[in-house]
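Before any comments, here is the structure.
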Amino acid sequence: MPQAEDEAWMRKAIEIARSKGSDPSTSPLGCVIVLDGKIIAGERNQTEELPDATAHAEMMAIRRGCEGTGEMELRGATLYSTLQPCGMCTMALIWSKVGRVVYGAGRDDVHAMYFEAKHVDTLAFIADAYRDDIMIEGGCLREKCAALYYPPDADLPLEEQANL
């Protein structure tokens, strides 16, 4: 897909991430799923609002996308996320058969609090998955996406850090 198209969809994901504010402590993560040139789902993190630890933007978008299509699989769809998906979301992407994942900021672009493991890179999950037809591309509008989150060197009190 042309870079301009990827960037346009990522801008929509950024807009969704900011839809309820852009305080980095709330993990303003946005996600859209595109199928046949149309958005079939667009969601943000909703863990606090629901409250539901699994209500990450990608998980919510996969749910909405499947509901909207009436299918459990999203073959041929591209998921755009402002942040590299975590392990839970990565496994959901594998199970839902999303064909392509494009993310903005990677784990090295943001504070460690946004990831559940220090030494496990979720992209390795994809390499080791039973599927070899899923494509992952990172760095789309990297700086704009990274600006949504605390930077890697942010000095944050432990009680304000998720996952640590």
Side-chain angles (χ1 to χ4, degrees), residues 1-19 22 24-35 37 39-47 54-65 73-154 161-164:
M1 183 167 295
Q3 181 179 348
E5 280 185 57
D6 282 344
E7 289 179 0
W9 295 124
M10 188 62 75
R11 281 188 184 83
K12 184 65 178 168
I14 292 169
E15 179 184 320
I16 290 169
R18 291 183 175 142
S19 64
S22 56
S25 69
T26 64
S27 298
L29 202 143
C31 176
V32 295
I33 299 178
V34 176
L35 181 63
I39 293 178
I40 61 168
E43 296 287 337
R44 66 181 303 282
N45 263 13
Q46 297 170 47
T47 53
T54 69
H56 289 194
E58 299 95 333
M59 299 292 285
M60 299 302 292
I62 290 168
R63 289 175 189 150
R64 298 301 164 255
E73 296 182 353
L74 298 171
R75 290 186 189 273
T78 299
L79 180 141
Y80 293 86
S81 179
T82 55
L83 186 61
Q84 179 180 332
C86 73
M88 173 182 66
C89 294
T90 300
M91 292 308 295
L93 293 166
I94 291 169
W95 280 101
S96 65
K97 310 289 192 283
V98 167
R100 183 170 173 250
V101 176
V102 178
Y103 66 87
R107 12 178 342 124
D108 295 335
D109 300 318
V110 299
H111 195 275
M113 70 176 270
Y114 297 107
F115 290 91
E116 74 286 351
K118 294 176 185 167
H119 305 292
V120 176
D121 188 337
T122 56
L123 299 181
F125 288 179
I126 299 296
D128 293 338
Y130 292 112
R131 290 181 56 210
D132 59 4
D133 61 339
I134 188 170
M135 294 174 27
I136 305 270
E137 298 169 37
C140 181
L141 299 180
R142 178 188 313 270
E143 293 81 19
K144 289 185 185 316
C145 290
L148 293 166
Y149 312 102
Y150 288 119
D153 59 354
Q161 297 183 42
N163 296 322
L164 297 180

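Predicted model, so just to flag it, every value in this text is computed and none were measured.
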Rounded at 0.5 Å granularity, tell me how far CE in Met91 sits from SG in Cys86. 11.5 Å
Which heavy atom of Ala41 sits nearest a heavy atom of Gly65, and at what distance? CB-N, 3.6 Å
Nearest heavy-atom approach of Asp109 to Gly106 is OD2-N, 2.7 Å
Lys12: partners by salt bridge (charged side-chain N to carboxylate O under 4.0 Å, His left out), with sequence neighbours left out: Glu15
Tell me the closest heavy-atom pair linking Met10 and Tyr103, and the distance in Å. CE-C, 3.6 Å
Heavy atoms, side chains only, cut-off 4.5 Å: are Val101 and Met135 in contact? no
Going by atom types alone, do Arg63 and Thr54 pair a side-chain donor with an acceptor below 3.5 Å? yes
Of all heavy-atom pairs linking Thr90 and Pro85, the shortest is OG1-O, 3.5 Å
Could you tell me whether a side-chain N or O of Gln84 sits under 3.5 Å from a main-chain N or O of Arg107, the two making a donor and an acceptor? yes
Checking Ser96 side chain against Ala92 main chain: does a donor-acceptor pair fall under 3.5 Å? yes
Between Tyr149 and Gly30, what is the shortest heavy-atom contact and its length? OH-N, 4.5 Å
For Thr82 and Pro28, the nearest pair of non-hydrogen atoms, with its separation, is OG1-O, 4.2 Å
Do Leu74 and Leu35 have side-chain heavy atoms sitting under 4.5 Å apart? no
Close side-chain approach of Leu29 to Ser81, heavy-atom, < 4.5 Å: yes
Are Cys145 and Ile14 packed together at the side-chain level, in the sense that at least one heavy-atom pair is separated by less than 4.5 angstrom? yes
Please work out whether the ring planes of Tyr150 and His111 are parallel, tilted or perpendicular, with thresholds of 30° and 60°. perpendicular
The salt bridge (charged side-chain N to carboxylate O under 4.0 Å, His left out) partners of Arg11 (sequence neighbours excluded) come to none
Can you confirm whether Leu79 sits close enough to Glu58 that some side-chain heavy atom of one is under 4.5 Å from a side-chain heavy atom of the other? yes
With a 4.5 Å cut-off on side-chain heavy atoms, are Ile16 and Val32 touching? yes
The test is side chain to side chain contact (heavy atoms under 4.5 Å, CB included); show your working for Thr78 and Trp9 and say whether it passes. CA-CA 10 Å; Thr78 299; Trp9 295 124; over 6 Å; no
